Protein chains: 2
Amino acid sequence: MLTFKQLRYFLAVQQHHHFGNAAEEVCVSQPALSMQIRDLEKELGLCLVERNARSIRITPEGEEIARRANQILREMQDLKDYAKHAASPLSGIIRLGVIPSLAPYILPKLLPALIKQYPDLQLNLRETLTASLVSELKHGTLDVVLAALPIEEPELEEVPIFEDHFLLAVSSSRKIDERKRMGPDDLHGENLLLLEEGHCLRDQTLSFCGAISQNQSANVGATSIATVLHMVAAGYGVTVLPEICADTEIADDRITLLRFAEPQPSRRIGLIWRKTSPKSEDYMALARCLRNVTN
Amino acid sequence: MLTFKQLRYFLAVQQHHHFGNAAEEVCVSQPALSMQIRDLEKELGLCLVERNARSIRITPEGEEIARRANQILREMQDLKDYAKHAASPLSGIIRLGVIPSLAPYILPKLLPALIKQYPDLQLNLRETLTASLVSELKHGTLDVVLAALPIEEPELEEVPIFEDHFLLAVSSSRKIDERKRMGPDDLHGENLLLLEEGHCLRDQTLSFCGAISQNQSANVGATSIATVLHMVAAGYGVTVLPEICADTEIADDRITLLRFAEPQPSRRIGLIWRKTSPKSEDYMALARCLRNVTN
DNA sequence: TATATTGATAAGATATCCTGATCCTTATGC
DNA sequence: GCATAAGGATCAGGATATCTTATCAATATA
């Protein structure tokens with residue numbers, strides 16, 4: 001069978017035009033090199049080196065083979081370089097899935113920090129609902145997911161990043177004292193605006209104040225938090241907003257944010273990956289990085 | 001050291017997603033394959049396959065490595081194919097040198113015959129003077145040379161192809177009976193037109209009738225036989241023309257060709273190559289082909 | 001003619017690789 | 001829960017392959 005060693009030895013011969021020197025270059029004895037060349041020639045059924053007493057000559061076919069061998073060894077080196085590059089911590093490709101109620105708010109902070117700290121990391125991003133993310137994670141299409149905990153799949157590892165408190169967003173026309181701390185009861189009779197089915201934020205909101213406003217909420221199903229907030233600003237109702245979205249979304253003074261009374265409702269944001277993933281270390285580092293940008 | 005085998009085994013794993021089946025495909029036992037994969041991963045310092053109890057998964061880096069490995073193996077196969085192709089008789093690259101007083105006359109016959117009989121042969125042609133051809137042959141820049149014998153270099157093999165008789169080309173205005181057989185004496189007092197220095201044909205002509213017309217010939221030195229013949233046609237003198245050129249060059253009825261008396265002067269055309277060349281067989285076949293097209 | 005150079009060859013030591021048996025972990029069926 | 005099956009890892013022993021050292025053969029050089 002054709003081997004890389006044969007090609008390497010042959011290239012040395014082709015460069016040195018001398019078996020002895022070539023052998024020295026590849027750090028073997030001259031007979032070892034001679035044999036490999038002989039094997040290569042036998043393998044290819046082709047004379048590559050013309051030996052005449054005092055000097056050697058590469059045949060035209062030999063030169064062509066050398067060209068090809070060179071190309072192959074170069075690509076081999078590239079492969080090794082790639083591996084070396086990818087082996088350093090938090091480098092190479094990581095496919096990260098993020099839920100829609102986090103991606104727009106956390107990624108603008110995360111990405112610059114990651115690029116700065118781990119310049120060799122190449123992040124492939126995907127934004128969709130938790131159910132899809134978990135499915136893709138289990139299937140191997142994603143490596144790691146940033147979502148609300150708990151997921152509680154036995155094969156998945158999850159580590160918490162931070163607690164994301166919920167705020168109540170109401171129309172500023174309501175003239176409520178911002179220092180007032182809200183309780184679930186204060187939602188009585190309010191039109192609660194929610195994201196469409198499948199969003200974990202919708203489920204969390206409902207489980208927090210579900211019994212209270214079950215019926216009113218059925219009529220909405222927005223596709224993004226921005227949309228919901230526009231509706232709040234326009235006076236259609238109120239919504240529950242994760243604190244992490246506040247900075248980005250509330251440039252609108254028609255909306256007032258109210259904090260809930262302790263114990264404040266919140267969602268726990270965490271990082272999830274397969275327990276069997278060989279890059280757990282990397283994901284831990286990613287989690288640390290996430291904590292840094294979110295506190 | 002990274003080996004070809006490791007890449008092949010890994011690609012099998014990547015395709016089958018199963019060590020056992022992959023091992024079967026590459027015709028080794030499963031432990032053997034496992035070890036090669038382990039060695040490859042150690043070599044690259046990189047986890048390529050994520051093993052979890054019941055199934056395996058290729059890591060993103062693994063997929064990238066697989067892509068590169070595939071490319072490398074494909075080029076390896078190309079190299080083998082090239083070698084196989086080049087190994088068949090009279091195939092691959094042959095660099096042929098031909099002297100100027102032969103190339104235009106013999107190649108139009110030779111090339112079609114060669115292409116028909118040896119379609120895998122790739123002929124690189126070079127036309128220049130004998131001295132250069134021999135030098136390049138000895139240096140290895142050429143593989144085989146078609147020229148006038150003898151060369152008589154100890155390291156070169158030469159085989160005769162055919163005898164190329166010399167004819168005397170004179171202006172048709174001379175009204176000489178074409179059936180008359182010329183002797184060297186008939187050149188007395190003629191203006192003998194010759195190619196420039198370095199052409200073997202010039203030397204051969206001079207050695208044949210040198211003593212006779214030494215002084216008259218000094219004034220010319222054409223760069224091609226066609227040029228010389230134009231001068232003959234215009235009445236500037238006579239020249240000695242190899243028979244092989246006759247068909248091609250004498251479409252001009254202002255020139256009459258006269259045959260010399262026996263023993264007719266001639267040059268012996270032959271094929272020359274390095275005795276150490278690994279393709280002597282091929283050159284013998286080439287010589288046979290040349291004889292077929294020149295008799 | 002003696003000597004040096006250079007690749008080929010031979011013999012023995014060493015390293016590598018493979019096979020077959022077995023082990024370990026995890027999922028599945030009863 | 002327990003037994004079984006699946007699938008990869010590990011191990012021991014033997015087969016191959018590869019290397020090194022010593023030597024040879026051919027040729028060029030002094």
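These values consider heavy atoms only, across backbone and side chains, with no hydrogens, waters or symmetry-generated copies. What you see is a predicted model, and the numbers here were worked out from it, not measured in a lab. Throughout, protein chains are lettered first and strands after them, A, B, ... in sequence-line order, and every chain is numbered starting at 1.
The separation between B:Gln36 atom CD and C:dA15 atom P is 18 Å, rounded to whole Å. Remark: C1' of D:dA17 and CD of A:Glu43 are 14 Å apart, rounded to the nearest angstrom. Distance, A:Ile37 CD1 to D:dC19 C1': 15 Å, rounded to whole Å. Distance B:Lys275 NZ to D:dT27 C1': 14 Å, rounded to the nearest Å. Rounded to a whole Å, the CE atom of A:Met1 is 15 Å from the P atom of D:dT16. Atom NZ in B:Lys42 sits roughly 14 Å away from atom C1' in D:dA9 (whole-Å rounding). Atom CD in B:Glu24 sits roughly 13 Å away from atom P in C:dG20 (whole-Å rounding). Straight-line distance from the NE2 atom of A:His17 to the C1' atom of C:dT6: 16 Å, rounded to whole Å.
For B:Ser280, the side chain to side chain contact (heavy atoms under 4.5 Å, CB included) test picks out B:Trp273, with sequence neighbours left out. Taking the side chain to side chain contact (heavy atoms under 4.5 Å, CB included) definition, one finds that A:Glu163 meets it with A:Ser266, A:Arg268, sequence neighbours left out. For A:Leu290, the side chain to side chain contact (heavy atoms under 4.5 Å, CB included) test picks out A:Ile106, A:Leu110, A:Leu146, A:Ile161, A:Leu271, A:Leu286, with sequence neighbours left out.
The side chain to side chain donor-acceptor pair (under 3.5 Å) contacts involving residues 139-154 of chain B comprise B:Arg95-B:Asp143, B:Lys138-B:Glu153, B:His139-B:Thr141, where partners must be two or more places apart or lie in separate chains. Pairs engaging residues 35-48 of chain B under the side chain to side chain donor-acceptor pair (under 3.5 Å) rule: B:Glu41-B:Arg51 [sequence neighbours left out]. Among residues at least two apart or in separate chains, salt bridge (charged side-chain N to carboxylate O under 4.0 Å, His left out) pairs with a member in residues 65-77 of chain B are B:Glu64-B:Arg67, B:Glu64-B:Arg68. Sequence neighbours left out, the pairs with a member in residues 278-291 of chain A that pass salt bridge (charged side-chain N to carboxylate O under 4.0 Å, His left out) are A:Lys279-B:Glu61. The ring pair (Phe, Tyr, Trp, His ring centres under 6.0 Å) contacts involving residues 1-22 of chain A comprise A:Phe4-B:Phe4, where partners must be two or more places apart or lie in separate chains.
Summary of helix geometry: the two end axes of the helix from C:dT1-D:dA30 to C:dC30-D:dG1, each defined by five base pairs via their C1' atoms, are inclined to each other by 20° (rounded to 10°).
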Protein N or O to nucleotides 20-24 of chain D N or O, pairs below 3.5 Å:
residue	atom	partner	partner atom	Å
D:dT20	OP2	A:Ser29	N	2.6
D:dT20	OP2	A:Ser29	OG	2.7

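With contacts defined as side-chain heavy-atom distances shorter than 4.5 Å, the pair A:Glu155/A:Lys275 does not qualify.
Near DNA chain D, meaning a heavy atom under 4.0 Å from it, residues 56-63 of chain A has no residue at all.
Dense packing is recorded around CD of A:Gln30, with more than 12 heavy atoms of other residues, nucleotides or ligands lying under 6.0 Å away.
Remark: B:Gln14 CD to B:Leu48 CG distance equals 10.5 Å, nearest 0.5 Å.
Dashed line: the shortest gap from a side-chain N or O of A:His18 to OP1 or OP2 of C:dG7 is under 4.0 Å. Remark: A:Tyr9 is in phosphate contact with D:dC19, judged by side-chain N or O atoms under 4.0 Å from OP1 or OP2. When the side-chain nitrogen and oxygen atoms of B:Arg51 are compared with OP1 and OP2 of D:dA9, one or more of them lie within a distance under 4.0 Å. Applying the 4.0 Å criterion to OP1 and OP2 of C:dT16, one finds that B:Lys5 has every side-chain N and O outside that range. Between A:Ser34 and the phosphate of C:dA8, there is a side-chain N or O to OP1/OP2 separation shorter than 4.0 Å.
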Give every donor-acceptor pair under 3.5 Å between a side-chain atom in residues 120-127 of chain B and any protein atom, sequence neighbours left out.
residue	atom	partner	partner atom	Å
B:Asp120	OD1	B:His85	NE2	3.4
B:Arg126	NE	B:Glu136	OE1	2.7
B:Arg126	NE	B:Glu136	OE2	3.0
B:Arg126	NH2	B:Glu136	OE2	2.9

